[in-house]
Amino acid sequence: MTVREGTEDRGAIADMAAKAGRVRIICLGLSALDQVWRVERFFAGEGAKLRGFDYSTLGGGMAANAAVTGARLGGSVAFWGRAGDDAAGREMRAAMAAEGIDVANFKLFADGRSSVSGIIVDASGERQIVNFRGAFPAAADWLPLDEVAHVSAVLADPRWVEGAVALFGRARALGIPTVLDGDVADADVFERLLPLTDHAIFSEPALAAFAGSADDAALGKLARFNCRVTAVTRGSEGVSWSEHGHVHRRAAYTVPVVDTTGAGDVFHGAYVFAIGAGLAVRDAMAFAAAAAALKCTHSGGRAGIPSIHDCLALMRTHQ
């Protein structure tokens, strides 16, 4: 196995700012309402109580956060997903609409229940999450797949398999790049989605659960799915990816960490934006790493999502 350190074309990345308004993305999957408590440290043992020094409620969810990231970076973004027609669902839909995201296909089901997460963030910025994934119909036959022909790239997480299969299937038929946010899911979910995926980017826990380990060699075990790129994000250790039979690595940017909540979602959102803008994989990885790093310098899953100019400024000042 050949391992190569990632180096990027800074000129191509800088030129992306001029293309941002022409990038069109669909993000499909989970939207959750996050209830966030900030504490000094996590639970010490069974039956323990914690005193929070801050609390907030805000929109979250993998694909939803990726959609907000794409919009903040200057792209034209649509979110396709499901929620209940309840207070949480209406709040999430309004929050995304306020970001300029097309929510016409963020469907609120009258008999559904929205996804809600409880997040505890400690003083170091690490977090623990409990998520109720919601309850709504699985069928995706209502999605307007004809709209896929007009986008630059699409992203899905593994939380709505039927929707992701429909979206990726149409995108693949049209030659539009597909990006999978590989969070922890049952093996059969990945067996269905990976054959339709061009860029599969896993978290370490998800890759370990699916491939048996999260080391670089595990990326090679996914070759049978014929993805163009398989990758694993490693937090402060950066990102590794396999492309054309070679494994590449990109170090993380060193920043003061306040809160890691949503950093992976931001990475995926920035990556699909960069791929939609026509960047090479190594450049997209570097750009996504910068966006994720900047998010970690702020509290809250979405509060720290940077602009494209913030990302470019970080990349100019860090070799």
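Numbering of residues begins at 1 and proceeds along the displayed sequence.
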Participant: Without swapping roles, check the side chain of Thr317 against the backbone of Ala313 for a donor-acceptor pair under 3.5 Å.
Facilitator: yes

Participant: In the single-linkage hydrophobic clustering (I, L, V, M, F, W, Y; side-chain heavy atoms under 4.5 Å), do Leu108 and Phe79 co-cluster?
Facilitator: yes

Participant: Charged N to carboxylate O under 4.0 angstrom, Arg90 versus Asp85?
Facilitator: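 Yes, this pair counts.
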
Participant: Decide salt bridge (Lys or Arg N to Asp or Glu O under 4.0 Å) for Asp183 and Arg159; before the verdict, give the C-alpha distance in whole Å, the side-chain angles of both, and the deciding distance to 0.1 Å.
Facilitator: CA-CA 9 Å; Asp183 196 34; Arg159 296 294 175 257; 2.8 Å; yes

Participant: Please check if atom CG in Asp111 has more than 12 non-hydrogen atoms from other residues, nucleotides or ligands closer than 6.0 Å.
Facilitator: no

Participant: Assess the side chains of Ser307 and Arg72: does a donor N or O sit below 3.5 Å from an acceptor N or O?
Facilitator: no

Participant: Count the heavy atoms belonging to other residues, nucleotides or ligands that lie under 6.0 Å from CZ of Arg172, then report whether that count exceeds 12.
Facilitator: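 More than 12 heavy atoms, drawn from other residues, nucleotides or ligands, come within 6.0 Å of this atom.
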
Participant: Around Arg133, counting heavy atoms of other residues, nucleotides and ligands shown, do more than 12 lie under 6.0 Å from its CZ?
Facilitator: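 No, the 6.0 Å shell around CZ holds no more than 12 heavy atoms from other groups.
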
Participant: Check whether any side-chain heavy atom of Phe132 lies under 4.5 Å from a side-chain heavy atom of Ser117, and answer yes or no.
Facilitator: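 Result no, sub-4.5 Å side-chain heavy-atom pair not found.
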
Participant: Do you know the tightest heavy-atom contact between Ala252 and Ser236?
Facilitator: CB-O, 3.5 Å

Participant: Taking atom types as modelled, is there a side-chain donor on Ser115 or Asn131 under 3.5 Å from an acceptor on the other?
Facilitator: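 Yes - a donor-acceptor pair under 3.5 Å links their side chains.
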
Participant: Among Met62, His199, His268, which residue satisfies the side chain to side chain contact (heavy atoms under 4.5 Å, CB included) criterion with Leu155?
Facilitator: His268

Participant: When clusters are formed by joining ILVMFWY residues with side-chain heavy atoms under 4.5 Å apart, either directly or through shared neighbours, do Leu33 and Leu58 land in the same one?
Facilitator: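 No, because Leu33 and Leu58 fall into different hydrophobic clusters, even though each may have its own neighbours under 4.5 Å.
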
Participant: Parallel, tilted or perpendicular for Phe210 and Phe225, by the 30°/60° rule?
Facilitator: tilted

Participant: Are the side chain of Asp186 and the backbone of Asp188 linked by a donor-acceptor contact shorter than 3.5 Å?
Facilitator: no

Participant: Is the closest side-chain heavy-atom distance between Val281 and Tyr271 below 4.5 Å?
Facilitator: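 Side chain of Val281 against side chain of Tyr271, heavy atoms only: contact under 4.5 Å found.
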
Participant: Using 30° and 60° as the class limits, which term best fits the ring planes of Tyr253 and His318: parallel, tilted or perpendicular?
Facilitator: perpendicular

Participant: With rounding to the nearest 0.5 angstrom, report the OG1 to CD distance, Thr261 to Glu126.
Facilitator: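 So the OG1 of Thr261 and the CD of Glu126 are separated by 9.0 Å.
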
Participant: Could you tell me which non-hydrogen atom of Arg93 sits nearest to which non-hydrogen atom of Phe106, and how far apart they are?
Facilitator: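 Residues Arg93 and Phe106, closest heavy atoms: NE-O, 2.9 Å.
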
Participant: Does some side-chain heavy atom of Thr260 sit less than 4.5 Å from a side-chain heavy atom of Arg127?
Facilitator: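 In contact.
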
Participant: What's the shortest heavy-atom distance between Lys221 and Ala211, and which atoms?
Facilitator: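 Heavy atoms of Lys221 and Ala211 come nearest at NZ-O, 3.4 Å.
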
Participant: Distance check, rounded to the nearest 0.5 Å: Cys296 atom SG versus Phe267 atom CZ?
Facilitator: 12.0 Å

Participant: Atom OG in Ser152, atom CZ in Arg24: separation rounded to 0.5 Å?
Facilitator: 7.5 Å

Participant: Step by step, work out the side-chain contact (heavy atoms from CB on, under 4.5 Å) result for Ile275 and Leu279.
Facilitator: CA-CA 5 Å; Ile275 291 297; Leu279 261 63; 5.7 Å; no

Participant: Does a side-chain N-to-carboxylate-O contact under 4.0 Å join Arg38 and Asp259?
Facilitator: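 So Arg38 pairs with Asp259 through a salt bridge.
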
Participant: Between Phe190 and Phe202, what is the ring plane arrangement, given parallel below 30°, perpendicular above 60°, and tilted in between?
Facilitator: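 Judged by the thresholds at 30° and 60°, the geometry between Phe190 and Phe202 is tilted.
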
Participant: side-chain contact (heavy atoms from CB on, under 4.5 Å) for Leu194 and Leu180? Distances and angles first, verdict last.
Facilitator: CA-CA 8 Å; Leu194 287 173; Leu180 176 65; 3.9 Å; yes

Participant: Go through it in stages, so that I can follow the logic: the residues are Arg113 and Phe136, the test is side-chain contact (heavy atoms from CB on, under 4.5 Å), and I'd like the CA-CA distance, side-chain angles, deciding distance and then a yes or no.
Facilitator: CA-CA 7 Å; Arg113 297 177 64 196; Phe136 7 70; over 6 Å; no

Participant: Any donor-acceptor pair under 3.5 Å linking the side chain of Trp160 with the backbone of Ala138?
Facilitator: yes

Participant: Are Glu40 and Asp122 close enough that some pair of their side-chain heavy atoms sits under 4.5 Å apart?
Facilitator: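 The answer is no; the side chains never approach within 4.5 Å.
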
Participant: Mind checking whether Ile25 and Met16 sit in one hydrophobic cluster, side chains of I, L, V, M, F, W, Y counted as touching below 4.5 Å?
Facilitator: yes

Participant: Quick one: CG on Leu73 to CD1 on Ile305, what's the gap to the nearest 0.5 Å?
Facilitator: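 Answer for the CG-CD1 pair, Leu73 versus Ile305, is 8.5 Å.
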
Participant: Flag the pair Trp37 / Ile119 as yes when at least one side-chain heavy-atom distance between them is below 4.5 Å, and no otherwise.
Facilitator: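 No; the side chains remain at least 4.5 Å from each other.
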
Participant: Assign the ring pair His246 / His248 to parallel, tilted or perpendicular, where the plane angle (0 to 90°) is split at 30° and 60°.
Facilitator: perpendicular

Participant: Report yes or no: does Ser114 contribute a side-chain atom to a donor-acceptor pair with the main-chain N or O of Ala83 at less than 3.5 Å?
Facilitator: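 It does not hold such a pair.
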
Participant: Compare every heavy atom of Val257 with every heavy atom of Ser124, then report the nearest pair and how far apart it is.
Facilitator: O-CG1, 3.8 Å

Participant: Return yes when atom CD of Glu162 has more than 12 non-hydrogen atoms of other residues, nucleotides or ligands closer than 6.0 Å, and no otherwise.
Facilitator: yes

Participant: Does the side chain of Arg250 reach to within under 4.5 Å of the side chain of Trp241, using non-hydrogen atoms?
Facilitator: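 In contact.
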
Participant: Indicate if Met285 and Val232 have the same hydrophobic cluster label, given that clusters are the connected sets of ILVMFWY residues with side-chain heavy-atom separations under 4.5 angstrom.
Facilitator: no

Participant: Could you tell me which non-hydrogen atom of Ala149 sits nearest to which non-hydrogen atom of Ile176, and how far apart they are?
Facilitator: CA-CD1, 4.2 Å

Participant: Salt-bridged, Glu191 to Arg224, with N to O below 4.0 Å?
Facilitator: yes

Participant: Are the side chain of Arg170 and the backbone of Val148 linked by a donor-acceptor contact shorter than 3.5 Å?
Facilitator: no

Participant: Please report the closest heavy-atom contact between Ser240 and Asp216, naming both atoms and the distance.
Facilitator: OG-OD1, 3.0 Å

Participant: For Cys227 and Leu222, what are the C-alpha separation, side-chain angles and deciding distance, and is it a side-chain contact (heavy atoms from CB on, under 4.5 Å)?
Facilitator: CA-CA 8 Å; Cys227 302; Leu222 305 180; over 6 Å; no

Participant: For the side chain to side chain contact (heavy atoms under 4.5 Å, CB included) test, which of Asp215, Leu219, Val184, Thr233 pairs with Leu207?
Facilitator: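 Only match with Leu207 under side chain to side chain contact (heavy atoms under 4.5 Å, CB included): Leu219.
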
Participant: Using side-chain heavy atoms (C-beta onward) and a distance below 4.5 Å, is Tyr55 in contact with Val36?
Facilitator: no

Participant: Ile26, Leu145: one ILVMFWY side-chain cluster at the under-4.5 Å cut-off?
Facilitator: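 Yes, Ile26 and Leu145 fall within the same hydrophobic cluster.
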
Participant: Please answer whether the main-chain N or O of Asp198 pairs with a side-chain N or O of Thr178 as donor and acceptor at a distance below 3.5 Å.
Facilitator: yes

Participant: How long is the gap from NZ on Lys19 to CD1 on Ile308, to the nearest 0.5 Å?
Facilitator: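 Going from the NZ atom of Lys19 to the CD1 atom of Ile308 covers 10.5 Å.
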
Participant: Among Asp181, Leu28, Val179, exactly one meets side chain to side chain contact (heavy atoms under 4.5 Å, CB included) together with Asp157. Which residue is that?
Facilitator: Asp181

Participant: Between Asp310 and Lys295, does any NZ, NE, NH1 or NH2 come within less than 4.0 Å of an OD or OE carboxylate oxygen?
Facilitator: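 The answer is no: the pair does not qualify as a salt bridge.
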
Participant: Just how far is it from atom CD of Glu99 to atom CZ of Arg302, taken to the nearest 0.5 Å?
Facilitator: 7.0 Å

Participant: So, do Arg51 and Val39 sit near enough that their side-chain heavy atoms are less than 4.5 Å apart?
Facilitator: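 Arg51 vs Val39: side chains apart.
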
